[in-house]
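See structure below.
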Amino acid sequence: MSPIISASGVGKTFRQLKRQSGFGGAIRSLFSRDYSEIRAVDGVSFAIEPGEAVDYLGPNGAGKSTMIKMITGILTPSAGSLSVLGREPHANRMVNAREIGVVFGQRSQLWWDLPVRDSYDLNRHIYDIPEARFADNLAFLTAMLDMAPYLDRPVRQLSLGQRMRAEIALALLHDPKILFLDEPTIGLDVVAKDAVRRFLSEVNKQRGTTIILTTHDLVDIEEICPRLIMVDDGKLLFDGELKRLRATLGSRRRLILEFATDPGPLALATATLAADEGATKHFLLENETVSLLDVLGELGRGHGLKDVKLEEPDIEEVIRTFYQNKPKLAAAL
Amino acid sequence: MKLSAYPAFTATAFTSRLAYRNQVWSGVFGELVATFAFIAVWTAAFVGRGTVDGVTLPDMVTYVLIAGPLLNWNTTRYIREVGDAIRTGDVTTFLLKPLHYPALLFFNQLGNNAFEQLTITLPVAIIVAFTVGLLPPASLAHGLLFVAYWVVSWGIMFLIATLTAMLAFWLLTAFALDWFLRGIMAVASGAIVPLWFMPAPLAAVLGYLPFAWVSYYPSAVYLGKLDLPAAGLHLAIGCVWLAALAGVLTWLWSRMRHRLIVQGG
Amino acid sequence: MSSVLRVIPHLIGIHIRTHMEYRGALFIGWIAQAIGYAGIYASIALLLARFENLGGWTWPQMALLLAFHLLAYALGASLSFVQFRDMEEKVRLGTFDAILVKPIGPWTFLAFSGLNIEYGGHIALAIGLMVWSVSNLGIDWSPGLVLYFLAAIVSAAMLTAALMTMIGATALIWVRSRHLFSIFFGFWELARYPLNIFPLPLQIMMITFAPLGFLAFIPTAVALGKPVPILGDWAGPASLAIGPLFVLLAIVHWRYCLRNYQGAGG
């Protein structure tokens, strides 16, 4: 099968205005301006197969939204080649648009003052969706996303969770082959987050819709996206499964030792102290080969050890380590 | 908050405007075009006539600049900003701070307006002075009186604009109120056509309304169209209007504050 | 093309339904704007009451000029002004990006989904003033003149929409475009007076690269049989050609800006 999205050496350079500070700077800028070149995306290559779910991850300003804008046909790449469903997205923006759905987390595409249904109806005409297909899809989405109670309410009266579900449904009404979501769970409460995640996972698995997500929410990643593409400074840092990311980084497993009374300062060769709460001490095991027995053996008897807990590293920990060790890892990967 | 701290808002408003240089250039251009348009209109109107009602064309050129850009400053942006802040409830954030909101607006707008006068009106005035010519004040006394009138004019314009914006709390939208005010100001302030060219009954009525102190009276005093006793008398009437409008603003603001606090914003 | 035409009524419909949610504010806005304009027109009427004519134009003739100016402007601006004035924000906040992922031309979407019925007050005032002035002028309305007059209104409205589009489009590249609208409105204000009262360089400007002389003065002068400076007998055909010509220019400019769209950067 050929990839649904393929990027090869894609780059994007912006010209940005340099602001001068202070009163004098403001006066000077009335007459002259300086620009600097910014490489928002720099030689990024990857391929995404149909039916995949991928999180395009990176800190703010890493160039992820620029990349998404190029894939969706909003911006033209300034270097490299990009193909979506076998087409150059920018040159074929309108054709491309029919086959993709986009949800911008903070920018609503619904008509604020009108009932949700009116926005759907307008999209039916814009996307030229056959009547029967539209009715089927709307019924399916309404049921799956539990939207029946508010389909006829003005968007401005909806809660954030309801609105986000309505936005996602709007992006799916025309059966897109690829669904892009920009921070779809940001600001939602736990229940709404869970509903959105379950639904997206379902759409990906049952309907085979390819999903590209940009999210900082690590639970989103664990529940929706098996694959991660991480970028920083416009460059690709990591592309692969979360499991592989963990393995590559080495598991910083966390060992929690609970004592009957504070045993005083403890230093171990096999683990480093991460947090000391007196009677409870957190250690991080530096690598995979160290076993629990090694640590307990080194510790020996006589400290009044009450309980031992070993935790797998959570994803937040993994990603934090990742960005901290970036230069080291860039060489290793 | 101490009164001495408020001028800081004036300075901030002034400097923050410097960041938008395109606004400055286009502002100068727009004002220049509008000013020359009115000069052209009066030039065409005076063709074949020396003086009309004791007024000459050079009088009218000077009148255009003083009554228009200098005194009848554009309040649209100010009214919409304040009106929106009031209607959306953003204004409540100011109630939490130890300051008087109308005073804040006053000093803030003073900075904005000083910026516009210096970067827009002054260059336009210089260009008009060198190309068409501007008249000096009719006499030293008229010049000094004009300065006092200018202060009254600015105060009345600020109060009218602020009152208009505050009405958005009770009725209509700032958008609609701003357009109503524009319609009224176009005729009643004398910014376009001075009261001396209007039919006598209309001029008599408009001559008592506060709008005439924004553009008409200060410009007329500058050109010496009012003798000194009349100029002094009308300055006093202008001050009464100023005090009355300030009183209405204070009363309206205290009612609004009360409502905002009771409603919880 | 036909699919675009089928979408347009739905785009217009959705905007009108939005306005109907606030019909009170809409109605008051109409009245307020009509009063705003009426104030300025009253000043001009007062001036003419004292000075009889302005560059050879009497008050009823001026009234026709003002009415044409307002009507053509309102028709064109309802398709373009608010939509393209807010282009800066649309680019900065990314709402323009959301339009670009739809399978529809962004101009069509913007112009029609924002078709501004707030100009109702302008249009009512303009038509009222036009009816009054025409009934006071005794123009000999031959079928040809009626056709010319209507076509000239359409052409002037096209000119307005084209200029607004071109100004708004520059926001796609330079992010800022609002200041260009102030320049537009500078010339727009000149356009409500007889062109012959202005100095020659300004007259030339108003029929060339700031062609707002065509917005009202030239077609009104042609209809009233008054001389048009510089253009002379060409004024009639030129005023009909100007709208389509600028629409073509605007299309080229809009496409160029769209191709070079940078987003809000970063």
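Owing to the predicted nature of the structure, the values given are computational and were not obtained by experimental measurement.
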For K102(C) and M94(A), the nearest pair of non-hydrogen atoms, with its separation, is O-SD, 4.4 Å
Can you confirm whether Y256(C) is buried at OH, in the sense that more than 12 heavy atoms of other residues, nucleotides or ligands lie under 6.0 Å from that atom?
no
Engaged part of F96(C) at the chain A interface, taking heavy atoms whose separation is under 4.5 Å
neither
Tell me, for S78(A) versus chain C, whether the close heavy atoms (under 4.5 Å) come from the side chain, the backbone, both or neither.
neither
Might you point out which heavy atoms bring T18(C) and W111(A) nearest each other, and give the distance in Å?
OG1-CE3, 4.2 Å
Is there side-chain contact between R259(C) and T76(A), with at least one heavy-atom pair below 4.5 Å?
no
Part of H174(A) lying under 4.5 Å from any heavy atom of chain C:
neither
Which answer fits D128(A), side chain, backbone, both or neither, if we ask what part of it has an atom under 4.5 Å from a heavy atom of chain C?
side chain
Are the side chains of I126(A) and L11(C) in touch, meaning some heavy atoms are under 4.5 Å apart?
yes
Side chains of Q262(C) and K12(A), heavy atoms from C-beta outward: is any pair under 4.5 Å?
yes
Restricting to non-hydrogen atoms, name the atom on I104(C) and the atom on R93(A) that form the minimum distance, rounded to 0.1 Å.
O-NH2, 3.8 Å
Whatever's closer than 4.5 Å to a heavy atom in chain C on R156(A) counts as side chain
Does V101(C) reach the side chain of F180(A), with side-chain heavy atoms less than 4.5 Å apart?
no
Select, from L122(A), V102(A), T72(A), the one with the greatest count of heavy-atom pairs under 4.5 Å involving chain C.
L122(A)
